[in-house]
There are 2 protein chains.
Amino acid sequence: MPKETFFRLPPARRDRLVDEAIVEFAERSYVEASLSQIAKRARIPKGSFYQYFEDKLDLYRWLLTDEVPRRKRAFLGEDGATGASFWERLALHIERGMAFLVEHPQLARISAAAADPTALPEVRGLHRAICDAGLDELRATLEEGIRSGALGKVNLELATRLVATVIGPGLTDVVLAELGAELHEVLASDDLRARLSARRRRALADQTVAFLRSGLGAPEDSLATPPRGGKARA
Amino acid sequence: MPKETFFRLPPARRDRLVDEAIVEFAERSYVEASLSQIAKRARIPKGSFYQYFEDKLDLYRWLLTDEVPRRKRAFLGEDGATGASFWERLALHIERGMAFLVEHPQLARISAAAADPTALPEVRGLHRAICDAGLDELRATLEEGIRSGALGKVNLELATRLVATVIGPGLTDVVLAELGAELHEVLASDDLRARLSARRRRALADQTVAFLRSGLGAPEDSLATPPRGGKARA
DNA sequence: TGGGCATGCGACCGACCAGTCATATGACCG
DNA sequence: CGGTCATATGACTGGTCGGTCGCATGCCCA
C-alpha cells in the first residue's frame, strides 16, 4: 500500500508517477522494470519516490491489485450479466475484453502479466492470487452454464483452464495477428488500435464462441463418431 | 553459434556448462538469467566462457534453436504421423507433449519461453521466428484436417492461434494443476513428475481433443441453435 | 631446449540497479 | 520572530551485471 503522503500529492505529480509506472510495467517484467527509469520519466527524484511507496514491490502490488483493476472496471462499466443466453453473454464478455485490449493495451498487459512465469517468490505469490481469482470466477460461470443446460457434461477443471487460456492469451494473440503488429508496437502506438472495429471484434468474438461451443470438428464427424470410446460429451 | 573451442571442450566440462545454462534459462527469462551464475555453478571462469561463446545471446540462441530442439527430437523419437485418424494423431501429439513436459520440464519451459513477452529487440526477433515456425506447422496440420474432412469450415488463422494456445500454455496449465504444483516446483523437483501416469496423460489428451473437436456445448444445444446468425460451422 | 599457440583464468571495468541518508525547503503555529 | 513538522532532493552505498584484458599454463613441433 502507498504511504499517506502519496495520496496527499498534487494530482498532476501523482498522475505522472502512476502513468509512467504503468508504461514501464506494461513493457517489462517486474524484475526488468526499473524504478530509476520510472522516476526519471515522471520527473520525480528517487528519494521522493520512497516517500510515497515502501519499495518497488509496494508500487507493483498496488498497481496490480488496486489501480489497474479500478481502471479496468471503469472501462468495462460494471456491465455485468446483460441478459440473453449463456453463449451470448460469453460473446459479449469476449468482445469487451478485446475492446479493453485495444483501447488500453498497457492496462491489459499488466493484467495479463500475472500469468507470466517469474522466479521471485513474492511476485509469484501475488501473481498466483490474481490468476486463482480469475479462474474461480470463470469456473463459477461455467458451472452456471452447466446448470442452465448450455454446456454439456465436461471435466470442469480442464474446461476452466482451457477456456481461460483461449479467452486470455489466445485472444490476445488473435487480436495482435489481426492488427498485424507485435505486442510492443501496440503498447507504443496510438493509431494501430483503430484498426480493429467494433464490428470486427464482434465477429471474432462470435467465431471464438462458436469454437468454444461446438469445436472444430465437421458437423457430421463430431456426432457420428464419438471421440475414442465415447468419453467425450457424455 | 558457439566458437570452435566450445566443441573441442572435454565433454564433462561442456556438459556442465550446457546443463547449468538450461537450468538457468528454464527458471529465468533471458534478461533475468545471469551468466555469472551459470559460470559459477558450472565451475567455469567467466573469462573462459567467452572463449566458447560470443556473448550471452549467442549461448541463448544456440540453446533455443539447436540444443533444446535436438534434445526434444531425441525424446519424441521422430515419431511423426503414426497412422490413424486426424483426431487420433492429434491426441497422440498432445499426449507426447505432456510427457515431454513432465519428463523434461526445463527443456519444455525453454521451448515455451519463445511465447513470453520481452522488451529486447534481438530476443524478440528470435522468439518470433520460433513461434511463427510452430504456427506454420500447426496451420499446415489443420489444413490437412480440413482436406481430410475431419475439420469443419473454420477461420483458419483464428483456429490455428486458438488451438496453439490450447495445446501450448493451456495444457501446461492443466498439467500443473493435475500435479498440484507450480512451474518452479516442477522445474526443481524430480519426483513430482511421476505423479502423472501415461494412462492419465492419455485421458487428459482425449478430453482435450474432445474439447477441440466438439466444444463444450450440450449436444442438443450445439446443433439445434446455431450460434448467432448461423455464422459458426457453416 | 625453446618458441609458438590454443586455452585457462580471475581481477577488473563501466553501467545500472534498489534503496538510504543528510540536508534543504517551506508551511503553519505560538 | 523561532520552532516544528511534513516533504523534497540528489549524492551516495553496496551489490550485480555483461564483458574485457593481461598473464599463466601446457601441449606440439623443431
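Residue numbers start from 1 in every chain, and the chains themselves are labelled A, B, ... in the order their sequence lines are given, proteins ahead of strands.
The distance from atom CD of A:E32 to atom C1' of D:dC17 is 14 Å, rounded to the nearest whole Å. Following rounding to the nearest Å, B:Q37 (CD) and D:dT16 (C1') show an atom-to-atom distance of 10 Å. Rounded to an integer number of Å, the gap from A:F7 CZ to D:dT7 P is 13 Å. Rounded to an integer number of Å, the gap from B:R14 CZ to C:dG8 P is 13 Å. Taking atom NZ of residue B:K40 and atom P of nucleotide D:dG15, one finds them 13 Å apart after rounding to whole Å. The interatomic distance linking A:I44 (CD1) with D:dT9 (P) rounds to 9 Å, in whole Å. B:F49 places its CZ atom 11 Å from the P atom of D:dT20, with the value rounded to the nearest Å. The distance from atom CD1 of A:I38 to atom P of C:dC17 is 11 Å, rounded to the nearest whole Å.
Closest contact between the side chain of B:L35 and the listed nucleotides D:dG18, C:dG8, C:dA18 involves D:dG18. Comparing C:dC9, C:dT7, D:dT9 by their nearest atom to the side chain of B:R13 picks out C:dC9. Closest contact between the side chain of B:S34 and the listed nucleotides D:dG19, C:dG19, D:dC17 involves D:dC17. Among C:dG19, D:dA8, D:dG18, the nucleotide with an atom closest to any side-chain atom of A:Q51 is D:dA8.
For the pairing with A:F6, the ring pair (Phe, Tyr, Trp, His ring centres under 6.0 Å) check across A:W62, A:F49, A:Y50 returns one residue only, A:W62.
Residues passing the side chain to side chain donor-acceptor pair (under 3.5 Å) test with A:S36, sequence neighbours excluded: A:K46.
Side-chain nitrogen and oxygen atoms of A:Y52 include at least one within less than 4.0 Å of the OP1 or OP2 phosphate oxygen of D:dA8. OP1 or OP2 of C:dA18 lies within a sub-4.0 Å distance of a side-chain N or O belonging to A:S36. Checking the phosphate oxygens (OP1, OP2) of C:dT7, a side-chain nitrogen or oxygen of B:R8 falls inside 4.0 Å.
Within the 4.0 angstrom heavy-atom criterion, only backbone atoms of the sugar-phosphate kind lie near A:A33; the bases stay farther away. Across all strands shown, B:L9 has heavy atoms under 4.0 Å from sugar-phosphate atoms exclusively, and none from any base. At the heavy-atom level, A:F6 lies nowhere under 4.0 Å from the strands shown. Base engagement by B:S48 is indicated by at least one non-hydrogen atom pair under 4.0 Å involving a base atom.
A donor-acceptor contact under 3.5 Å is formed by the side chain of B:K46 with the base of D:dG18.
Between A:R161 and A:E157 there is a salt bridge, since at least one side-chain N of the basic residue sits less than 4.0 Å from a carboxylate O of the acidic one. The pair A:R61-A:E122 does not meet the salt-bridge criterion, since no charged nitrogen lies less than 4.0 angstrom from a carboxylate oxygen. No salt bridge links A:R193 with A:E103; every basic N to acidic carboxylate O contact stays at or beyond 4.0 Å.
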